[in-house]
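Read the structure below first, then the notes.
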Amino acid sequence: MKAIKRPDLQHGKFYHIYNRGFNNRNLFEKDAEYRRFLYYVNAFTGSVAEIFAWCLLKNHFHMLVR
C-alpha cells in the first residue's frame, strides 16, 4: 500500500480541507454531533489556523482555513 504524503502547509496560505464518510456513510446523524465536531475543530486548530468558512453535510464537510 502506498503511503499518503502529508502536504507542506505554508503560513498565510488558504487551504480547502474536506473529507467524506467511508463508503459515503454519514459522518453526522444528530445535531449534537455537528456541534461536537466544531468544538473539536476549534479546540485543535484555534491556535494555529483561522477558519473562514465551513459547510457540514451529513456525509461530508468542507472548510476554508488559513
Using 0.5 Å steps for rounding, measure from the CZ atom of Arg66 to the NE2 atom of His11.
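Spacing of CZ (Arg66) from NE2 (His11) equals 8.0 Å.
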
Out of curiosity, Glu33 CD to Lys58 NZ, how far, rounded to the nearest 0.5 Å?
9.0 Å

Could I get the full list of side chain to side chain donor-acceptor pair (under 3.5 Å) partners for His60, not counting sequence neighbours?
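Side chain to side chain donor-acceptor pair (under 3.5 Å) check on His60 returns His62.
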
Would you say that more than 12 heavy atoms from the other residues, nucleotides or ligands in this model lie under 6.0 Å from the CZ of Phe52, or not?
yes

Checking one residue: Tyr39. Which other hydrophobic residues are in its cluster under the side-chain 4.5 Å linking rule?
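Under the 4.5 Å side-chain rule, Tyr39 groups with Tyr40, Phe44.
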
When clusters are formed from ILVMFWY side-chain contacts under 4.5 Å, directly or step by step, what else is grouped with Phe61?
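Listed partners: Leu9, Tyr15, Ile17, Leu27, Phe28, Tyr34, Phe37, Leu38, Val41, Ile51, Trp54, Leu56, Met63, Val65.
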
